[in-house]
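Reading through the structure tokens given below for one structure.
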Amino acid sequence: MAQKALQRCLQKGPSINRKKALVLRERRSSSSIETMTPKEILVTGGAGYIGSHTVLQLLQEGFRVVIVDSLDNSSEIAVERVAELAGDAGKNLAFHQIWDSECLNFVPHRFHAVIHFAGLKAVGESVQKPLLYYNNNLISTVVLLEVMAAHGCKNLVFSSSATVYGWPEQVPCTEEFPLSAANPYGQTKLIIEDICRDVRKSDSEWKIILLRYFNPVGAHPSGYIGEDPRGIPNNLMPYVQQVAVERRNALTVYGNDYNTKDGTGVRDYIHVVDLADGHIAALRKLFEDSGIGCEVYNLGTGKGTSVLEMVSAFEKASGKKIPLVMAGRRAGDAEIVYASTEKAERELSWRAKYGINEMCRDQWNWANKNPWGYGSPESQS
Ligand code: WQD
């Protein structure tokens, strides 16, 4: 059975590095997790925007990292660039392209922890294709947890989202706020959080941290890795960056009649490098705090910024004028959302370091150096 399943995985992942997988199996098969140092972390979706920035921080912190990613919505170039940026620590990075979590049975490593980023995340698409989102995000997570338990790894950091706060009636949002989903994407995050809580209740060996991201923006200061969404960007800043490099004509501002300082929506934008650091802090909490069960933390800055304020900061950072088209409100949008970060500061000793100006500086640096992301004009659909 195992051989057939292995062949299925290897056959499914044409660019999976069979030789590398087999070599790693020989070198690592005798290792027991207790004797392995430094700690080895599996990162699902590690070729993506937040995943790639987190993997770089992990390598620089001395962890060994294995990325598994389908590359459905990411690029292997990001993996290569992370290894380059990591310098000598790049040798501690392995990559396997896999299509489903079952293949993890054949990723030949024993892990101290898993960071689970992999999942579809376009709000609008989730409304159009709910079954795609429930199948992809939920089933793959259940199989991942089963494979982890089977291999004796019960330390998990899960990529959740502020979208689970729905339309908060007050701000800042604390982790104790009531939860609701405005769309199937948000519903998958809510359900996975519940799955994690149930798994921990069933087996106290599990240690799980759920991280609720607010609005990730920016890029690594090198400008060598950054956000490269497929198709038309759903989110504000990747759309602004594409206007700045003249891939889009103008930014449509969804609503300027909100009860906010300038009428446009207010969000808690957080630098992706701060977000990556939040994952390191969460991992350290898992390894150092024997009393942790299943805990949730907001990762934001605690500050609200409007659409027009973000656009203005980006124009200042880039020297580019961003043409605007004022339109009606976008269905499902909340008016004002920003985080209380007290719990993460207190329990993870983590807080965001960068402000809006650094976020826009680094977002522009990435866009200016990579106007087509990891692709090229020819590769755009
Ligand atoms: C921000 C503001 C829009 C685009 C979503 C997910 C959340 C997280 C981040 C994954 C709003 C306005 C946007 C545009 C605009 N993703 N806007 N024109 O909706 O707060 O959060 O992405 O975890 O889970 O829900 O982010 O960037 O789409 O919107 O005016 O072209 O920018 O109305 O006020 P959002 P966003």
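We count ligands from 1, going down the list as the structure has it; atoms in each ligand are counted the same way.
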- Message: How about NZ on Lys353, more than 12 heavy atoms from neighbouring residues, nucleotides or ligands closer than 6.0 Å, or not?
- Response: yes
- Query: Is it true that atom CZ of Arg247 has more than 12 heavy atoms of other residues, nucleotides or ligands lying nearer than 6.0 Å?
  - Reply: yes
- Short N/O distance, under 3.5 Å, between Leu236 and ligand 1?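 Yes - when backbone and side-chain N and O of Leu236 are compared with those of ligand 1, one distance drops under 3.5 Å.
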Give the residue and atom name of whichever protein heavy atom lies nearest to [atom], and the separation in Å to one decimal.
atom: atom 29 (O) of ligand 1; value: Arg330 NH2, 3.3 Å
atom: atom 12 (C) of ligand 1; value: Val307 CG2, 3.7 Å
atom: atom 7 (C) of ligand 1; value: Ser161 OG, 3.8 Å
atom: atom 6 (C) of ligand 1; value: Val123 CG2, 3.9 Å
atom: atom 22 (O) of ligand 1; value: Asn235 ND2, 3.0 Å
atom: atom 35 (P) of ligand 1; value: Asn215 ND2, 3.5 Å
atom: atom 17 (N) of ligand 1; value: Tyr254 CD1, 3.8 Å
atom: atom 20 (O) of ligand 1; value: Arg267 NE, 2.6 Å

- Query: Which heavy-atom pair separates Ala149 from Trp206 by the least distance, and what is that distance?
  - Reply: CB-CZ2, 4.0 Å
- Message: Could you report the tightest heavy-atom contact between Ala78 and Ser52, atom names first, then the distance?
- Response: CB-CB, 4.5 Å
Considering the heavy atoms of [X], write down every atom of ligand 1 situated less than 4.0 Å from one of them.
X: Val253; value: 30 (O)
X: Gly265; value: 34 (O)
X: Tyr185; value: 10 (C), 23 (O), 24 (O)
X: Asn234; value: 4 (C), 28 (O)

Look at the aromatic rings of [X] and [Y] and report parallel, tilted or perpendicular, splitting at 30° and 60°.
X: His220; Y: His53; result: tilted
X: Trp364; Y: Phe314; result: perpendicular
X: Phe117; Y: Tyr213; result: tilted

- Query: Measuring from the heavy atoms of Tyr269, does anything fall under 4.0 Å of ligand 1?
  - Reply: yes
- Message: Under 4.0 Å, counting heavy atoms only: does Lys121 come that close to any atom of ligand 1?
- Response: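 Distance cut 4.0 Å: Lys121 fails for ligand 1.
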- Query: Without hydrogens or angle criteria, can the side chains of Tyr185 and Asn234 be said to hold a donor-acceptor pair below 3.5 Å?
  - Reply: no
- Query: For Tyr374 and Arg81, does a side-chain donor sit closer than 3.5 Å to a side-chain acceptor?
  - Reply: no
- Among Asn256, Val243, Thr252, closest by any non-hydrogen atom to atom 18 (N) of ligand 1: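 Result: the heavy atom closest to atom 18 (N) of ligand 1 is in Thr252.
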- Item | ring-ring contact (aromatic ring centres under 6.0 Å, His included) between Trp167 and Phe177, worked out | CA-CA 11 Å; Trp167 298 274; Phe177 267 29; over 10 Å; no
